[in-house]
Amino acid sequence: MELKSPVAGRDWQDLVAEFGSPLLVLDCNTLRQQYRKLQNALPSVDLYFAIKALPNETVVNVLHKEGGNFDIATQGEVNLLEKNHISAKKTIHTHPIKSDIDIRSTLRFGCTTFVVDNEYELEKFVRYKERVGLLLRLSFPNPNAVVNLSKKFGLSVHNVQAFLAKADNLGIHIKGLSFHVGSQSKLQQSHVDAINKCLEIITESRTQRDVPMSVLDIGGGFPIDYDGTGIDIEEFCAPINEVIENRPKNIRVIAEPGRFIAAPAMTCLTSVIGKAIRDGTPWYYLDDGVYNSFSGQIFDHAIYPKISVRKGHTQPSVLAGPTCDSIDVISENIELPQLEIGDLIIAPMMGAYTSATATEFNSLPRTHIIAVNVKESQDNQITQLV
Ligand SMILES: Cc1ncc(COP(=O)(O)O)c(C=O)c1O
């Protein structure tokens, strides 16, 4: 398998020669394409990029130019937007559990939409009730998602009426519902079922409440193709889009995609720094590993494609990271040609939950990122980031 560098006239080795190894290459053209693909697949949904997937200044600026909004969950993410002069009007705060300081600093920034999923969290908003509109996050357990996001968070649909009654008693406005069917959700039916249930609850609320709900946040979970099985986002979203287009009037639909937009936009370049034969199997030690950019293999259960630049007869081999810890193994039983020290491994689809969860274990620095094609009109422009 060949993978072309996103910089015309310069291959991956040229980039490593100039910027060093390991290296993450962020291609802003791919970032824009992913945003546009999802927006086209869900034309009446307002997209709020989940910053946690790839918290990076270039990413937020490119998506802001595309007209994107932002899902924030922490003060650090607020700081990233403030530093880049992105208006709080373009944000929602989606962390279901927050400290009072989180709430106050987010309000100071100007963001007024928050997510809650239980009565304790609701009570935190009594003192801010004139200033906020809340979304109630529901839980929709989904065995077809790689990352389950309905165990730690989300109110059971059976408890919605009691929750809404409590909100009414406290005089707090619940302006809508939200859910997250889990990240890398393989079957669109999970989104469809959750949307249908939420629309039913919202419609019911219209007959029973003075101020009815008017927002539905369908979360993230839109899958990408890590293993070449050929996911087509248009096809994936078609049934989701159908229920959205047929929703009752005056319900605004928003989404919080992270992975789908970020993952294909970044490629990791990592080099062989050592080798050994152990029990007859070749081991290749790379300069990036699971404590660094490949951290998503641990935290996000992702397995990224890996391509050897060197070609030749292959045999089952092991790719390991550079730290002293034995968990730092990227791939076992991977078919590779005989590699030499200095050889390059290219790992595409490494934009989401990779550098975002990297550590500096063993005092090894995080892999730095270069951004290419930052401006659409100026192809091949390279910007070095910190
Ligand atoms: C609250 C919330 N919104 C959005 C996302 C983004 O989800 P995804 O990357 O699956 O699109 C996440 C991921 O963890 C999340 O927790």
Side-chain angles (χ1 to χ4, degrees), residues 31 34-35 37-39 41-42 45-56 59-60 63 68-74 76-78 81 90-98 102 106 111 113-118 121 134-142 144-155 176-188 190-191 194-195 198 215-226 231 233 236-237 240 253-266 295-296 298-302 304 349-357:
L31 190 67
Q34 289 301 107
Y35 179 87
K37 270 191 203 167
L38 190 59
Q39 187 65 87
L42 298 170
V45 177
D46 294 329
L47 301 182
Y48 287 72
F49 173 64
I51 293 178
K52 60 182 78 65
L54 183 51
N56 174 286
V59 170
V60 296
L63 294 177
N69 304 287
F70 298 93
D71 153 9
I72 50 178
T74 63
E77 293 177 358
V78 168
L81 294 185
K90 306 212 81 180
T91 65
I92 52 173
H93 191 291
T94 64
H95 199 318
I97 308 291
K98 300 155 287 299
D102 289 333
T106 307
C111 172
T113 299
F114 291 83
V115 168
V116 294
D117 72 352
N118 71 80
E121 202 65 18
L134 301 185
L135 301 178
L136 168 59
R137 175 155 161 186
L138 300 182
S139 147
F140 291 101
N142 170 15
N144 298 308
V146 174
V147 184
N148 180 358
L149 288 167
S150 278
K151 179 177 177 202
K152 186 174 173 188
F153 301 116
L155 184 74
L177 299 177
S178 82
F179 63 80
H180 195 307
V181 292
S183 202
Q184 185 71 355
S185 179
K186 298 282 182 58
L187 292 182
Q188 60 275 71
S190 313
H191 280 93
I195 293 169
C198 288
V215 178
L216 173 57
D217 176 352
I218 66 170
F222 304 98
I224 58 141
D225 192 3
Y226 286 115
I231 299 166
I233 200 65
F236 182 89
C237 286
I240 301 174
V253 184
I254 67 177
E256 309 160 11
R259 183 188 309 278
F260 182 82
I261 293 174
M266 204 152 73
S295 55
I298 306 279
F299 296 121
D300 188 40
H301 317 289
Y304 313 106
M349 313 294 271
M350 281 193 57
Y353 311 112
T354 54
S355 56
T357 48

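One-based numbering, in listed order, for ligands and for the atoms of each. In what follows, every heavy atom counts, from backbone to side chain, and hydrogens, waters and symmetry copies are set aside. Not measured: the values here are computed from a predicted model.
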key: Spacing of F260 atom CZ and Q34 atom CD [to the nearest 0.5 Å]   = 4.0 Å

query = Relative to each other, are the rings of F222 and H191 parallel, tilted or perpendicular (30° and 60° limits)?
reply = parallel

task = Salt-bridge test for K52 and D71: reply yes if a basic N is under 4.0 Å from a carboxylate O, no otherwise.
result = yes

request  = Classify the side-chain pair D300/T357 by whether it contains a donor and acceptor separated by less than 3.5 Å.
outcome  = no

key: Flag, side chain of S185 to backbone of G182, donor-acceptor distance under 3.5 Å   = no

Run through all N or O atoms in ligand 1 and write down each protein N or O closer than 3.5 Å, as a pair with its distance.
from, atom 1, to, atom 2, distance (Å)
ligand 1, 3 (N), D71, OD2, 3.2
ligand 1, 3 (N), E256, OE1, 2.5
ligand 1, 7 (O), H180, NE2, 2.8
ligand 1, 9 (O), R259, N, 2.8
ligand 1, 9 (O), Y353, OH, 2.5
ligand 1, 10 (O), S183, OG, 2.4
ligand 1, 10 (O), G221, N, 2.9
ligand 1, 11 (O), G221, N, 3.0
ligand 1, 11 (O), G258, N, 2.8

message = I'd like to check R259 versus V147 (side-chain heavy atoms, cut-off strictly below 4.5 Å). Are they in contact?
response = yes

